[in-house]
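Comments concern the structure below.
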Protein chains: 2
Amino acid sequence: MNRFLSNATNKVDAKGRVSVPAQFRNVLARLDIQELYAIQDFVFPAITVGGPDLLDRYERQIDGEDPFSPDANDMSLLIHGGGIFVKLDGEGRLMMNEFMRDYTGITDQVTFVGRSDHFQLWDPVCYEEKRQEALSRRLAGRPARAGQGETG
Amino acid sequence: MNRFLSNATNKVDAKGRVSVPAQFRNVLARLDIQELYAIQDFVFPAITVGGPDLLDRYERQIDGEDPFSPDANDMSLLIHGGGIFVKLDGEGRLMMNEFMRDYTGITDQVTFVGRSDHFQLWDPVCYEEKRQEALSRRLAGRPARAGQGETG
DNA sequence: TGGGAGATTTTGGGCGTCAATGGGATACAG
DNA sequence: CTGTATCCCATTGACGCCCAAAATCTCCCA
């Protein structure tokens, strides 16, 4: 598989490290992603993690504008200044820092959520809530029934 | 990495010195930047720091305008007249002077913010505020749907 | 279909290195 | 001569790197 799919929850250890799921690491290897860039999701309380192309995608938005415009300035502040580089240790773990914890509410567990070309770091409880909400919205326009399937 | 990305906060010591983050120093070395030039950011209460090419970039901006326009005149005054040179000591620290403190409100801590081809010095609290504002502006211009998942 | 061996993945912890910081000594300028 | 800035060295603490154990999964064979 060459895309980030599904989700998994791992523990944060005493040093603040957490294993990136092997499945996701395989995708990283397959896509030949050496360097990880992380930034807060603009919509959900989650951290988005991806390769350099993730940064490129955001930057194209900046480049499309007048470099001295207020919009481009805001965007640069958020993208260039707001992101961080993430390293994996020999066992494929990353460090949870203050920035990530604050924004996500993550304490001792992290849910990794695949988002096709990137993945995200969520607080497990928060993820379940937001997922349910998204599902509800999705089902809103439909005949009531459906709503059983709890995910594991 | 050969660009200034991410951010870090360091302490100002009793002598008014503050360490430039190692990550940024690496970029400076990689870009072979020997001389640092600092000016006021025109938008935020921050000090912009970069190499000689920083000047070039602003000068091109000035050149692009009518040389007799008030804007070009203002910019020249601020860029050419208002900038200062910054030196790093053996440990990679710079001196916070009155000019920098006045404009940024920095007291005992400095947040270094990467802006791709340069970096900035911010008061940590102020940075957090302005970053939030920028984020809000960014979200404001979007369809209030969000829920589905576009990460932007 | 169930058990079990082997492989993989996750988790825990020790240790060395380097960055950040503090402080004394010295050079320089007003 | 005095105050400030620069240089140099010491300390501290965080992070990266390594190895080991525990937990989980896979696959084969009975």
Side-chain angles (χ1 to χ4, degrees), chain A residues 1 4-30 33-38 47 49 83-102 106-114 119 121-124 152, chain B residues 1 4-30 34-38 47 49 84-102 106-114 119 121-124 127:
Chain A
M1 184 52 61
F4 299 100
L5 297 172
S6 189
N7 68 85
T9 300
N10 286 337
K11 280 197 275 187
V12 181
D13 71 15
K15 289 183 176 181
R17 301 171 299 186
V18 60
S19 291
V20 173
Q23 198 180 350
F24 287 2
R25 297 206 305 269
N26 286 338
V27 178
L28 290 175
R30 197 173 294 240
I33 294 177
Q34 312 283 350
E35 214 165 28
L36 286 180
Y37 185 73
I47 299 294
V49 182
I84 55 176
F85 283 104
V86 177
K87 288 180 188 174
L88 301 189
D89 68 13
E91 283 70 42
R93 289 175 290 198
L94 59 83
M95 279 288 300
M96 293 298 301
N97 60 27
E98 200 60 28
F99 165 70
M100 292 171 166
R101 291 175 187 273
D102 282 353
I106 289 170
T107 55
D108 61 342
Q109 286 198 317
V110 180
T111 296
F112 292 80
V113 181
F119 63 88
L121 277 46
W122 287 72
D123 172 69
Chain B
M1 185 50 60
F4 299 99
L5 296 171
S6 191
N7 69 84
T9 300
N10 286 338
K11 280 197 273 188
V12 181
D13 70 16
K15 292 181 178 179
R17 301 171 300 186
V18 60
S19 291
V20 174
Q23 199 179 352
F24 286 2
R25 298 206 305 268
N26 286 339
V27 177
L28 291 174
R30 197 174 294 239
Q34 313 283 349
E35 212 164 29
L36 286 179
Y37 189 70
I47 298 294
V49 182
I84 57 174
F85 284 101
V86 177
K87 289 180 188 174
L88 301 190
D89 69 13
E91 282 71 42
R93 291 176 286 199
L94 59 82
M95 279 290 300
M96 293 299 301
N97 59 28
E98 204 59 21
F99 166 70
M100 293 170 166
R101 291 177 187 273
D102 282 352
I106 289 169
T107 55
D108 61 341
Q109 287 198 316
V110 180
T111 296
F112 292 81
V113 181
F119 63 89
L121 277 47
W122 287 70
D123 172 69
Y127 170 62

Given atom CD of A:Q109 and atom P of C:dT10, what is their separation to the nearest angstrom?
-> 14 Å

Sugar-phosphate, base or nothing in reach of B:V12, heavy atoms under 4.0 Å = nothing

Is A:D89 touching bases, backbone alone, or none of the nucleic acid, heavy atoms closer than 4.0 Å?
-> nothing

Mind calculating the distance between CD (B:Q23) and P (C:dA19) to the nearest angstrom?
-> 12 Å

Report yes or no: is there a donor-acceptor pair, N or O only, under 3.5 Å between the side chain of A:E91 and the base of D:dC19?
-> yes

Nucleotide of C:dA19, C:dT9, D:dC8 approaching B:R93 most closely (side-chain heavy atoms) = D:dC8

Taken to the nearest whole Å, CE/B:M95 to P/D:dA5 is 4 Å

Check residues 11-18 of chain B and write down every donor-acceptor pair under 3.5 Å in which the side-chain atom is one partner and the other belongs to a residue at least two apart or another chain.
unit_1: B:D13; atom_1: OD1; unit_2: B:K15; atom_2: N; d: 2.8
unit_1: B:D13; atom_1: OD1; unit_2: B:G16; atom_2: N; d: 3.1
unit_1: B:D13; atom_1: OD1; unit_2: B:R17; atom_2: N; d: 2.9
unit_1: B:D13; atom_1: OD2; unit_2: B:R17; atom_2: NE; d: 2.8
unit_1: B:D13; atom_1: OD2; unit_2: B:R17; atom_2: NH2; d: 2.9

For atom NZ of A:K11 and atom C1' of D:dA23, their distance in whole Å | 10 Å

Looking across every strand, which nucleic acid part, if any, lies under 4.0 Å from A:V20 by heavy atom: base, sugar-phosphate, or nothing?
-> sugar-phosphate

Side chain of B:K15, base of C:dT21: donor and acceptor closer than 3.5 Å?
-> no

Between C1' of C:dT9 and CG of A:D13, the distance in whole Å = 15 Å

Spacing of A:F112 atom CZ relative to C:dT9 atom C1', expressed in whole Å | 13 Å

Specify the separation, in whole Å, of atom CG of B:N10 and atom P of D:dA14.
-> 13 Å

Please tell me which of the listed nucleotides, C:dG23, C:dT11, C:dG24, lies nearest to the side chain of B:R17?
-> C:dG23

Which whole-number value in Å describes the distance from A:D108 CG to C:dT10 P?
-> 17 Å

